[in-house]
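See below for the structure under consideration.
Here, residue 1 is the first one in the sequence, and each next residue gets the next number. Here the structure is a predicted model, which is why all the values come from computation and not from measurement.
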Amino acid sequence: MRSVDNAALEADVLWSMGYMYSDEMDKPTDGVANYERAFRIYTALRDTASMIDLKRNMAINYNKIKEVNKAKTAIAEAVTYGRAWNKPQKLAYALDYEGLLHFNLGEFSKSIVSYTESEKIYARLRDTARLITTKRNIYKSYRDSKNTKAAVAKIKEVFPLIKTDDNAQLSDAWWDLAYIHGKDYVNDPRKAIEYYGEAVKIYKINGDTTNLATVYNNIAYQYRDLRDSVNAYKNHQLALTITNVKHRADEQADTHDRWAVTCKHFGNISQSLFHYRESARLFKMAGNEHKSAQLLLNVGKAYASLKNYSKANESFLEAVAVFKKLGDKGQEAESHWEYAYNQGTYLFNYNEAIVRYRTAYGLYMEAADSVNASVMLSNIGQNYWSKLDFEKAIESHQAAIALARKCRNLTQVASSWSKLATLFTETNNPVAAKEALNSTVEALQQLNDSTKLSTAYQDLAASYVKTKEFNTAFDYYNKAIGILKKNNDTINWALAISNLANGYQSKTDFKQAEKLYLDVLALQRKVKDKPNLIYTLANLGTLAQAGDNNYKKAGTYFDEAVKLATEIKDDNILAFCYLRLKGLNRAQGKFVVAEDYIKKALDIYVKANRNKDAAYTLVEMGNDASYVYGDNVKAVKLLDQAQLISDTLNDITLKAYLLEVRSMLWPRRVSFKKRWNLATRVLNCIAA
């Protein structure tokens, strides 16, 4: 038999062992085992205070090993014991962790309940320090649950509790009050700047340049949200100036990182690139290779946005090497992902993209990240699709769906089904397309994702329009319209009605199509959605031209569209309008005016480096030269210009289209053999 004293000693030793395993050796499972043994002894000894603390410790360790339900049960038992045995200090201590556990799980209402009970206890105990901490915890729960009014009221309760000379607590409170007034919450950046200014005064008095630099960067973000680039850059510079010494490279790096984000916000990509590069360099100098490599990804993205793809690739591969050395398979996979995206999307090197996506897939699987692994399979499918290898594209998307289902990633399931639906549509397999779209809808309904569901309904409707099943198509369009109207998403609600109008136009019910387009016009004018309004005007113009040959009415709509496109300075939309006007004037036999409009569109595409659009426009001009003017020499010259662009882009669809048009331009006197060879090249290009 053990004596009581020996039992207490044994329990203390087990408690110490539990602490060593869990906190010092990072072995939470062994920690729980020892805490459990200690708990049984303390239960026999009726040491209620120790029982509460041990249950709290067990909850912490269960949470570490992702046994969330066990963690909740353990802390709930600690709370129950505290209430039953009248241990207010221990009860509050347990409630604080219960609140934290719920907060970290996003269960903010439960978190508030726990914290509020401990708040009352600390108030009764007159424990001001813990009362302040608990009020700040409640504030954070209100803040993250978007109850900003309650959050502001709660943090204001803190100020009277703080001693006048407690600068640390006071600056934290001002910081909290400033943060809640930022864009993501109260959305009053001017107030946020004012409150951050109070924290600045304290940090200056204390000589705390570390926190001062962070607050200057936060103030810069508020000016950014006020669209004041001058003061935003000025505050980033202040942060940089006070940390500009060699041993504070990590702080300088952080400021450059945040300054880069601000520059990107204002569209200053070159300056953003400069700051990202500086941040990566300084983090490396400070010995933080991991953070440096993360910044290299941003450097690569900035280079890509400047169309400097070779430099972008260098940065992505440099990041790959660092993450590989550090053994971070997830980040290494992401770096391959960025490189592959660059290769496939911008450089059209689909084979290289597929190889890199496969590498990323393997790394994600090693890192037990099936969610991103399934995305890689989908990306592989998209690149096979770009190669026009439809069989492998379908296989990859189906593999993505299977893996996404296995890891319960319904978002990717829906995404892959949606891509398969488009793939089946483009390969003239309408039955499979509808089945895929129905599977998309089913996944989105399980996700309860109304935004994506409305898009899926419209895709399904478009599929039914193609097979001339108009009533079913219109039902799906109206379902989408209902969702968007309920969500008060006026911009997309109007676009859905526009798609419905297009469906009626396909049915040749021009009267109903016009009525719907006019409804769209009214909505878009109401919300001042000028970019989409321009397209609606163009659609009404096309309808007037094609539906009842009312060229004057069509011209009125097109002219307004051009005026708006010029007003908002959107050359891409303007080019679209010029092409519509080209069609209108050609239909009326005004060939010179029509040619002038298509040349204007081409100029825009060339200046904007929209090479693919430029190539297709040149092909259209070639057609006009041949069929309007009978000038095949000019037509061939225009097609040769398009061919140069096509060869640079390595776009198979464009190449096939060019060969097809060339074959149509050969005069009948040219030998059948030559025309046959061209036709064969078209087929071979498509099959490549």
Side-chain angles (χ1 to χ4, degrees), residues 297 316 320 323 329-460 462-463 652-653:
L297 295 180
F316 294 144
V320 165
F323 287 128
K329 294 186 184 298
Q331 289 283 337
E332 184 186 349
E334 185 179 342
S335 305
H336 283 292
W337 181 351
E338 293 292 351
Y339 181 86
Y341 181 82
N342 201 26
Q343 289 288 341
T345 305
Y346 300 121
L347 299 175
F348 313 110
N349 294 332
Y350 305 122
N351 289 334
E352 175 67 12
I354 289 167
V355 169
R356 291 286 175 171
Y357 279 131
R358 287 198 188 282
T359 302
Y361 164 78
L363 287 164
Y364 278 130
M365 291 299 285
E366 285 184 57
D369 185 351
S370 300
V371 172
N372 277 317
S374 64
V375 177
M376 294 306 98
L377 290 172
S378 179
N379 291 347
I380 290 168
Q382 289 301 97
N383 277 270
Y384 274 124
W385 185 353
S386 297
K387 287 181 65 181
L388 304 184
D389 189 338
F390 300 120
E391 186 176 339
K392 286 186 178 178
I394 291 167
E395 284 177 10
S396 295
H397 280 304
Q398 287 174 336
I401 290 166
L403 181 57
R405 276 180 172 160
K406 188 175 180 181
C407 62
R408 298 179 182 178
N409 180 14
L410 284 173
T411 301
Q412 185 56 47
V413 170
S415 175
S416 289
W417 274 122
S418 178
K419 288 169 183 173
L420 270 175
T422 308
L423 178 54
F424 287 135
T425 299
E426 292 200 4
T427 53
N428 294 317
N429 192 342
V431 175
K434 285 175 197 169
E435 289 175 357
L437 281 168
N438 278 313
S439 296
T440 305
V441 168
E442 183 183 338
L444 290 171
Q445 285 173 335
Q446 290 181 57
L447 275 171
N448 197 25
D449 189 332
S450 62
T451 303
K452 290 181 180 176
L453 189 58
S454 65
T455 302
Y457 280 144
Q458 290 180 77
D459 288 342
L460 200 49
S463 180
I652 295 170
T653 307

Could you measure the distance from the [atom1] atom of [X] to the [atom2] atom of [Y]? Nearest 0.5 Å is fine.
X	Y	atom1	atom2	result
F348	K387	CZ	NZ	15.5 Å
L377	E395	CG	CD	11.5 Å
Y339	N349	OH	CG	8.0 Å
E352	Q343	CD	CD	5.0 Å
Y350	S386	OH	OG	4.5 Å

Closest non-hydrogen atom pair between [X] and [Y], with its separation:
X	Y	result
R356	A340	CB-CB, 3.5 Å
A353	N383	CB-OD1, 3.5 Å
A393	G381	CB-O, 3.3 Å
S374	A400	O-CB, 3.4 Å
A367	G330	CB-N, 4.2 Å
V320	E332	O-CG, 4.0 Å

Could you walk me through whether Q331 and L297 satisfy the side-chain contact (heavy atoms from CB on, under 4.5 Å) test, starting with their C-alpha distance in whole Å, then the side-chain angles of each, then the deciding distance to 0.1 Å, before giving a yes or no? CA-CA 10 Å; Q331 289 283 337; L297 295 180; 4.2 Å; yes
Donor-acceptor check, side chain of T359 to backbone of V355, threshold 3.5 angstrom: yes or no? yes
Take R358 and M376 through the side-chain contact (heavy atoms from CB on, under 4.5 Å) test and state the conclusion after the steps. CA-CA 7 Å; R358 287 198 188 282; M376 294 306 98; over 6 Å; no
Who passes side chain to side chain contact (heavy atoms under 4.5 Å, CB included) against A373, sequence neighbours left out? Y361, Y364, M365, L403
What pairs with F323 under ring-ring contact (aromatic ring centres under 6.0 Å, His included), at least two apart in sequence or on another chain?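 Here the qualifying residues are H290.
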Applying side-chain contact (heavy atoms from CB on, under 4.5 Å), run through Y357 and Y341 and close with a yes or a no. CA-CA 8 Å; Y357 279 131; Y341 181 82; 3.6 Å; yes
Can W337 and N372 be said to form a side-chain contact (heavy atoms from CB on, under 4.5 Å), step by step? CA-CA 10 Å; W337 181 351; N372 277 317; 3.5 Å; yes
